[in-house]
Every structure is written in C-alpha cells, then in structure tokens.
2 protein chains.
Amino acid sequence: MNYTIGEFSTLTNLGIHTLRYYEKEKLISPERKENGRRLYSENDVSWIQFIKRLKDTGMPIKEIQKYATFRAIGDSTLTDRMEMLIKHRAALNEEIVKLQEHLEKLDSKIDYYQAEIEKNAQTEK
Amino acid sequence: MNYTIGEFSTLTNLGIHTLRYYEKEKLISPERKENGRRLYSENDVSWIQFIKRLKDTGMPIKEIQKYATFRAIGDSTLTDRMEMLIKHRAALNEEIVKLQEHLEKLDSKIDYYQAEIEKNAQTEK
DNA sequence: ATACAATGTAGAGTTAGCTCTAGGTCAAGC
DNA sequence: GCTTGACCTAGAGCTAACTCTACATTGTAT
C-alpha cells in the first residue's frame, strides 16, 4: 500500500513539516509520483517507526542520518549498522542505569519531605 | 566555606557562563560581596547538585525555576515542592519503562543483524 | 606601580529539532 | 470549468539551553 504525505503524517503521528524536514536531512527518501508528489510505502512505515525509536532513545538526527545512509547502500553495510546499534545499546543501558539511580535519590528526597511535613503538622497541634 | 564563581565552577563542573545564566533564570541566588562579586555557599553546592539531578532527569529549566521559587519562600511550600517531585517521579518512572522497552526491541534488532551477517558469511563459503 | 588574571554586565550568537510562511501547482467534487 | 484543499519548494522563525563577546572593573603577584 502507498500513502500520500498527509496519510503518512496521520499514520506515523509526525507532522507534514517534520516529514519534509526528515527528508531534507536524508533520513527518509519516499518515492515521487510523476507529478512530483511524495509516495510513502509500507517499508517507509516500518523505517519511520525505527527512526522514532532511535530518536526516543536519544540518538541525534545526524547519527540517524549516518545509519540511514548505510541502510540505503544495502547489505554490504550490515556490520556497520550493527556496530552502530551495539554502541547505541550500550549508551542506552548506561542512561537507564543513571536514571534509576536518580529515581532512587528522588524517592529518598520525597520521603524526607514527607517526614518534614508530618513534623510540621505535629507542632501545629 | 564560601566560593568564588571560578571555584564554584570547577567544583560543580558547570561553566561560569552557565552559572550566571542559571542565576539570571532565578535557579540560584548566591550572595554578593561588597564589591559585587558572587559568593557561593556550601548550601549552594548541594542545591546545584539537586538542580543537576532534576535536569538530568529531563526537568525543563522553567520547571526547576518554579521549584526554586518555592524553595526560596521556605517551609510553607514544602507540600508544593513534594507534589512537584512526586509528579516528576512518575514521569521519570514512565520514561525508564519506555526506555527499557526500547532497549528490548533494540536487542532483537541486533540479534536479527547478527543472524543476517552470519547467513551472508555462510553463502560466501 | 604595573601588569595580568578573575570577575562583572548586557547582549549577541549557537545548535538541535522542529514549525511555519509565502507563493505557486495540481487534482477532485460540484 | 471553477473552487477548494492537498501538495510543492525555499527559506524564515521559533524554543531551549546554553555559550560567547565586548568592554569595564577589580584583586593579586612582581
């Protein structure tokens, strides 16, 4: 199935402007109809989902661009892409660990507030 | 102990420009010496550490600003601050869960690449 | 006393990642 | 066959969070 940019926009939950911007940045390269209009494919759908995953996990556009370039070249770049993903996974792992530590500290801070507030309530009696 | 902006900068690992920017944004309000120079306290140290935690966990400056204002008012805002932290904790929790899901998907993608690469290596024999 | 390093302010510049505007083309419904 | 809405490009504008510049002043070491 193929999609116009409007359809693709609602489908992916990305603004039309954003999609054109992604194309300018060479993240995605939809086909064009004779009249010059973009034609997104089913393959573009899964690709954009993956782009979103990379973005959501903090990969900058420039890096995704690099990945996209490898992808466009084809199978000869499989290892390059895998290496990128492995590095990215390591970074993501660290990020998660870091956030979990922050979460713990935040928890104790909240506990502390809780105690302070109860103490204040006491003295007001 | 008190610190000049230079000392405080190395101590907190934040640039001098950044510290002045944070002050302009009302995140931190160090004392001033007679001659107008900033004088950071021990209390400022722990406060900036907390600001960094909030930032690292994705809280925008505007929000930290709000928290800082509550903090400056004093004990009467304990519950307000606790509420902010509780909301923030929930958001952080969601973020962690989301990232963990992404991590899993990334793992399977890497596994897939691994298999593909091995398959290609086979056919080359 | 002099130089030079640290600090001060005000405001400009930067980067990432969009988001929007202007001005034009094109296609489908009435 | 005309209008209306979707689409096109090029480029401007926006927001967050810094980061830097210019220029003045002050503190410290020789």
Side-chain angles (χ1 to χ4, degrees), chain A residues 1-41 44 47-69 88 91-92 95 102, chain B residues 1-41 44 47-69 88 91-92 95 102:
Chain A
M1 200 42 199
N2 289 322
Y3 310 96
T4 67
I5 193 167
E7 291 161 350
F8 196 69
S9 169
T10 39
L11 195 62
T12 59
N13 220 22
L14 287 172
I16 288 180
H17 297 299
T18 306
L19 289 170
R20 292 202 271 246
Y21 164 69
Y22 281 1
E23 185 172 348
K24 195 164 56 185
E25 294 299 314
K26 303 265 167 56
L27 301 193
I28 189 164
S29 308
E31 304 274 302
R32 293 293 179 123
K33 286 204 287 201
E34 336 70 47
N35 56 25
R37 299 198 168 183
R38 291 169 178 81
L39 205 58
Y40 292 88
S41 71
D44 288 326
W47 170 229
I48 209 90
Q49 306 297 6
F50 189 61
I51 288 176
K52 284 174 98 178
R53 189 185 306 290
L54 294 179
K55 269 192 42 52
D56 282 3
T57 50
M59 189 184 280
I61 298 276
K62 288 270 164 62
E63 192 80 359
I64 302 178
Q65 198 180 96
K66 200 175 131 196
Y67 187 94
T69 307
H88 186 57
L92 179 53
E95 174 72 6
H102 281 313
Chain B
M1 199 42 199
N2 289 322
Y3 309 97
T4 66
I5 193 166
E7 292 162 349
F8 196 68
S9 170
T10 40
L11 194 63
T12 58
N13 221 23
L14 287 172
I16 287 180
H17 297 301
T18 307
L19 288 170
R20 292 202 270 245
Y21 164 69
Y22 281 1
E23 186 172 346
K24 195 164 57 183
E25 293 299 314
K26 303 266 166 57
L27 300 194
I28 189 164
S29 308
E31 305 274 301
R32 293 294 178 122
K33 287 205 286 202
E34 335 70 48
N35 56 23
R37 299 198 165 184
R38 292 170 179 81
L39 204 58
Y40 292 88
S41 71
D44 287 328
W47 171 228
I48 210 90
Q49 305 298 6
F50 190 61
I51 288 177
K52 284 173 98 178
R53 190 185 305 290
L54 294 179
K55 271 193 43 54
D56 281 4
T57 49
M59 188 184 282
I61 297 279
K62 287 272 164 61
E63 193 79 358
I64 302 179
Q65 198 180 95
K66 201 174 129 194
Y67 186 94
T69 307
H88 186 57
L92 179 54
E95 175 73 7
H102 280 314

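Remember, it's a predicted structure, so these values are computed and weren't measured experimentally. The analysis underlying the following values was restricted to heavy atoms, covering all of them including side chains, and did not include hydrogens, waters or symmetry mates.
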S.K.: Listed by chain and number, what are the side-chain contact (heavy atoms from CB on, under 4.5 Å) partners of A:Glu63, not counting sequence neighbours?
M.R.: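 A:Glu63: side-chain contact (heavy atoms from CB on, under 4.5 Å) contacts with A:Met59, A:Pro60, A:Lys66, A:Met84.
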
S.K.: Can you list the residues that meet the salt bridge (charged side-chain N to carboxylate O under 4.0 Å, His left out) rule with A:Glu31, with sequence neighbours excluded?
M.R.: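 Scan of A:Glu31 (salt bridge (charged side-chain N to carboxylate O under 4.0 Å, His left out), adjacent residues dropped) gives none.
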
S.K.: Would you please name every residue forming a side chain to side chain donor-acceptor pair (under 3.5 Å) with A:Gln49, sequence neighbours left out?
M.R.: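 Not a single residue meets the side chain to side chain donor-acceptor pair (under 3.5 Å) criterion with A:Gln49.
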
S.K.: What one-letter contact string describes nucleotides 16-27 of chain C from 5' to 3', where B marks a base within less than 4.0 Å of any protein heavy atom, S marks contact via sugar-phosphate atoms alone, and - marks no contact?
M.R.: -BBBBB----BS

S.K.: Can you run down the salt bridge (charged side-chain N to carboxylate O under 4.0 Å, His left out) pairs that involve residues 51-61 of chain B, sequence neighbours left out, and say none if there aren't any?
M.R.: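 Residue pairs passing salt bridge (charged side-chain N to carboxylate O under 4.0 Å, His left out), neighbours aside: none found.
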
S.K.: I need the CZ-C1' distance between B:Arg38 and C:dT7, as an integer number of Å.
M.R.: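 For the pair B:Arg38 CZ and C:dT7 C1', the rounded distance is 8 Å.
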
S.K.: My understanding is that only residues two or more places apart in sequence, or in another chain, count here; which of them pass salt bridge (charged side-chain N to carboxylate O under 4.0 Å, His left out) with A:Glu7?
M.R.: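 Testing A:Glu7 for salt bridge (charged side-chain N to carboxylate O under 4.0 Å, His left out), a comparison that skips the adjacent residues, returns none.
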
S.K.: Output the rounded distance in Å from CD1 (A:Ile16) to C1' (D:dT9).
M.R.: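 Those two atoms, CD1 and C1', are 14 Å apart.
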
S.K.: Let me know the distance between CG of A:Leu39 and P of D:dC7, rounded to the nearest Å.
M.R.: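 One finds 11 Å between P of D:dC7 and CG of A:Leu39, rounded.
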
S.K.: With under 30° as parallel and over 60° as perpendicular, where do the rings of B:Phe8 and B:Tyr3 fit, or are they tilted in between?
M.R.: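 Ring orientation, 0 to 90° scale: tilted.
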
S.K.: Measure the distance from CD on B:Glu23 to C1' on C:dA10 and round it to the nearest whole Å.
M.R.: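 B:Glu23 atom CD is separated from C:dA10 atom C1' by 14 Å.
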
S.K.: CZ of A:Arg32 versus P of D:dA6: gap in Å, rounded?
M.R.: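 After rounding, the reported distance stands at 19 Å.
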
S.K.: Just how far, in rounded Å, is C1' of D:dA17 from CG of B:Leu14?
M.R.: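 Rounded to the whole Å, the gap is 12 Å.
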
S.K.: Measure CG/B:Leu27 against C1'/D:dC18 and give the value in whole Å, please.
M.R.: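 Going from B:Leu27 (CG) to D:dC18 (C1'), I get 12 Å.
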
S.K.: Let me know the distance between CG of A:Leu19 and C1' of D:dA6, rounded to the nearest Å.
M.R.: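 It works out to 14 Å between those atoms.
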
